[in-house]
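Comments concern the structure below.
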Amino acid sequence: MAAIVSEHLLEWYDAHARNLPWRARPGEPAPDPYRVWLSEVMLQQTTVAAVKPYFEAFTTRWPTVEDLAASPEEDVMAAWAGLGYYSRARNLVKAARAVAGQGGFPDTEEALRELPGLGAYTAAAVAAIAFGRRAVVVDANVERVVSRLFAIREPLPGSRKAIRACAEEITPDSRAGDFAQAMMDLGATICTSRDPKCLLCPLQAACRGRAEGDPAQLPVKAPKKAKPLRQGKAWWIERDEAVWLVRREGKGMLGGMRALPDDGWSAGGDGSGEPPLDGEWQGAGVVRHTFTHFALEMSVECQSTREEPQGQGEWWPVDQLDEAGLPTLFAKAARLVLA
DNA sequence: GAGCCGTGGTC
DNA sequence: TGACCAAGGCT
């Protein structure tokens, strides 16, 4: 069964592979490891459509890993703004500097796994796609395809071990990179989460989920927790056509990103409501934003001042706010004020 | 293992 | 329209 699956899938991939900017066409030499790594990190929990313009911008501005390694971290953070999961950008810079210091990318799964931001999935994907190593690449697509192919009915995440064992079984010794990308293309276009296109699937004859009549019900997932709703405030402080921006600290929510000052709202609780300046504030409205694990209603209040707010920050020209690299929540707040 | 960490698209 | 989803990693 294993050989049949990989043969049919690779044959399908040779005919139907998506043409993506970071990808070699079937039969072409493997692409630059830098481009493979960058695309894989950007694609973590992120759609192809969202990644494309960022990949284009990054590879134009930083054509090599050495260019990226030489860039100030804050420039990379600003360029990442809007893509989300900002720890990826922080780790991207760390990894680029490590790679540049080593004189190039390591070419084994084990060594790649040591770079910050490369977990089990990404290390396997880069090893297979960029270096032709046989590696078992398991992402959400593979979990879905394998769950259906083998009719695994144990709910995620408990079924991960069984899924990995089945993925190991069908991963071929050669063309492991094409095989991994084929699994992802199949998951993205045929074996989709909703309404799988079984009639077009190259694996339909081998699929136990299809044979058992309910492939769309797989994989079974544990129910998700409800998201709490939090309240908070952000402050728009303006002086001489410039707005006061701060840099968020550390590794927490939106860590390392430029932002408006706020009242300390978080996933764990509401903000204090305490403003960073005395004086009259004018309400500009409310921004509603949903994060992975909570929803936020953030009211935005404005003040023009001649004073310098407390703490670290910078006056940023309002007409150049697009270049500040604000994460989407604060970009929404700015839009509200400037509308 | 489970919680934390973004965003935009889809139905 | 709200819930779900997308090429996960870190702690």
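Just so it is clear: chains get the letters A, B, ... in the order the sequence lines come, proteins before strands, and each one is counted from 1.
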Taking only residues at least two apart or on different chains, which pairs with a member in residues 198-242 of chain A satisfy ring-ring contact (aromatic ring centres under 6.0 Å, His included)? Trp235(A)-Trp281(A)
Listing request: all ring-ring contact (aromatic ring centres under 6.0 Å, His included) pairs with a residue in residues 120-163 of chain A, at least two apart in sequence or in separate chains.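 Qualifying pairs: none.
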By a strict heavy-atom criterion of less than 4.0 Å, which residues belonging to [range] are in contact with DNA chain C?
range	result
residues 181-196 of chain A	Met184(A), Ser193(A)
residues 137-155 of chain A	Asp139(A), Ala140(A), Asn141(A), Arg144(A)
residues 33-41 of chain A	Glu40(A)

Work out how far the [atom1] atom of [N] is from that of [M], and round it to whole angstrom.
N	M	atom1	answer
dC5(B)	dA6(C)	P	22 Å
dC4(C)	dG6(B)	C1'	15 Å
dG1(B)	dG9(C)	C1'	14 Å
dT1(C)	dG8(B)	C1'	15 Å

For a quick test of reading the model: is some side-chain N or O of His289(A) closer than 4.0 Å to OP1 or OP2 of dG6(B)? no
Between side-chain atoms of residues 213-224 of chain A and protein atoms elsewhere (two or more places apart, or another chain), which donor-acceptor pairs fall under 3.5 Å?
from, atom 1, to, atom 2, distance (Å)
Asp214(A), OD1, Arg153(A), NH2, 2.9
Asp214(A), OD2, Arg153(A), NH1, 3.0

Strictly under 3.5 Å: I want the nitrogen or oxygen pairs between protein and nucleotides 2-5 of chain B, one per line.
from, atom 1, to, atom 2, distance (Å)
dG3(B), OP1, Lys225(A), NZ, 2.7
dC5(B), OP2, His293(A), NE2, 2.5

Quick one: side chains of residues 325-335 of chain A, donor-acceptor pairs under 3.5 Å with protein atoms, not counting sequence neighbours, listed by atom name and distance.
from, atom 1, to, atom 2, distance (Å)
Lys332(A), NZ, Arg288(A), O, 3.1
Lys332(A), NZ, His289(A), ND1, 2.9

Quick note, side-chain hydrogen bond (donor to acceptor under 3.5 Å, both in side chains) partners involving residues 141-152 of chain A, not counting sequence neighbours, are Asp139(A)-Asn141(A), Asn141(A)-Arg144(A), Glu143(A)-Arg160(A)
Residue set satisfying ring-ring contact (aromatic ring centres under 6.0 Å, His included) with His16(A), at least two apart, ordered chain then number -> Trp12(A)
Go through the structure and list residues passing ring-ring contact (aromatic ring centres under 6.0 Å, His included) with Trp315(A), not counting sequence neighbours. Trp244(A)
Using a 4.0 Å heavy-atom cut-off, does Leu296(A) contact any base of the nucleic acid, only the sugar-phosphate backbone, or nothing at all? nothing
Begin from the C-alpha positions of Gln181(A) and Arg23(A) and carry the test side chain to side chain donor-acceptor pair (under 3.5 Å) through to its verdict. CA-CA 9 Å; Gln181(A) 295 179 93; Arg23(A) 180 183 275 186; 2.9 Å; yes
Residues two or more places apart in sequence or in another chain: which of them pass side-chain contact (heavy atoms from CB on, under 4.5 Å) with Arg194(A)?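 With neighbours one apart ignored, the set is empty.
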